[in-house]
Amino acid sequence: MTLVKLALVNDAPRAASIILRDERCHFLRVDKEDFNRILRDVEAKTERLKENGKDVLVLEKLSRSDGSQSNKYTIMAGTPEKMVNYIMDSCVDCREDDDH
């Protein structure tokens, strides 16, 4: 977690400053209320597989173009083994769906 995120989560003053060195750069300022709403939205769409208290696979549920939730996920993080297993299992599931 970055210093800015930690400050928002812990309700503390931020411990860093941002200096833009290129006029093509853009900076987005997010207040605590919006930050917390964004976190809630992300967590609501996130599935975590844990082993021994550690995340070994983190998936995010995809949204359809109409804004509704789909039954598909994208891999956000994980151990290489868990990510490969998820991809392989997903391919098998897709083939089984096609056979029916």
Side-chain angles (χ1 to χ4, degrees):
M1 195 174 278
T2 67
L3 296 175
V4 175
K5 287 180 189 174
L6 284 172
L8 285 168
V9 169
N10 296 328
D11 203 21
R14 63 183 165 77
S17 295
I18 296 172
I19 299 171
L20 301 176
R21 295 185 180 212
D22 188 324
E23 61 189 43
R24 294 173 292 169
C25 290
H26 298 278
F27 177 73
L28 175 66
R29 180 173 180 236
V30 179
D31 64 23
K32 184 170 182 162
E33 183 178 317
D34 288 336
F35 176 78
N36 287 332
R37 183 186 50 77
I38 292 166
L39 277 183
R40 283 191 304 274
D41 291 349
V42 168
E43 284 301 316
K45 297 188 313 182
T46 302
E47 299 287 333
R48 297 174 186 276
L49 174 63
K50 292 184 178 281
E51 289 181 358
N52 300 321
K54 294 186 179 181
D55 290 338
V56 293
L57 186 63
V58 181
L59 305 172
E60 181 181 1
K61 194 168 216 173
L62 297 175
S63 297
R64 294 187 177 109
S65 58
D66 64 4
S68 64
Q69 296 294 309
S70 92
N71 61 349
K72 296 181 181 179
Y73 291 85
T74 185
I75 298 172
M76 301 303 292
T79 64
E81 178 185 4
K82 294 298 179 185
M83 290 190 288
V84 169
N85 286 343
Y86 179 78
I87 292 167
M88 297 302 291
D89 289 346
S90 297
C91 290
V92 170
D93 291 344
C94 288
R95 281 193 214 116
E96 289 174 359
D97 288 345
D98 290 342
D99 291 341
H100 291 95

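The hydrophobic clustering, which links ILVMFWY residues whose side-chain heavy atoms are closer than 4.5 Å, places V42 and L28 together. Residues V56 and Y73 fall within the same hydrophobic cluster, defined by Ile, Leu, Val, Met, Phe, Trp and Tyr side chains chained together at heavy-atom separations under 4.5 Å. Note on L62 and I87: separate hydrophobic clusters, where clusters join Ile, Leu, Val, Met, Phe, Trp and Tyr whose side-chain heavy atoms are under 4.5 Å apart, directly or indirectly.
From L49, atom CG reaches atom CG of D55 across 8.5 Å, with rounding to the nearest 0.5 Å. Distance check, rounded to the nearest 0.5 Å: CZ of R40 to CZ of R37 gives 8.0 Å. Put simply, CE on M83 and CE on M76 are 12.0 Å apart, with the number rounded to the nearest 0.5 Å.
Counting non-hydrogen atoms of neighbouring residues, nucleotides and ligands closer than 6.0 angstrom, the NZ atom of K54 reaches no more than 12 such neighbours. At most 12 heavy atoms of other shown residues, nucleotides or ligands fall within 6.0 angstrom of atom CD in E33.
Every residue two or more places apart in sequence or in another chain was checked for a salt bridge (Lys or Arg N to Asp or Glu O under 4.0 Å) with K61, and none qualifies.
Using a cut-off of 4.0 Å between Lys/Arg side-chain N and Asp/Glu carboxylate O, K45 and D41 are scored as not salt-bridged. Salt-bridge formation is detected for the pair R24/D22: a Lys NZ or Arg NE/NH1/NH2 atom is positioned less than 4.0 Å from an Asp or Glu carboxylate oxygen.
Residues E47 and V58 have side chains not in contact (no heavy-atom distance under 4.5 Å, counting atoms from C-beta outward). Contact of the L57 side chain with the I75 side chain is registered, since non-hydrogen atoms from C-beta on lie closer than 4.5 Å.
Taking both residues in full, the closest heavy atoms of F35 and V30 are given as N-CG1, 3.4 Å, listed atom of the first, atom of the second, then distance.
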> When you look at K72 and E60, which way does the salt bridge (charged side-chain N to carboxylate O under 4.0 Å, His left out) test go after all the steps?
Replying inline: CA-CA 9 Å; K72 296 181 181 179; E60 181 181 1; over 6 Å; no
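For residues 74-86, the pairs satisfying side chain to side chain donor-acceptor pair (under 3.5 Å) are E51-K82, with sequence neighbours left out.
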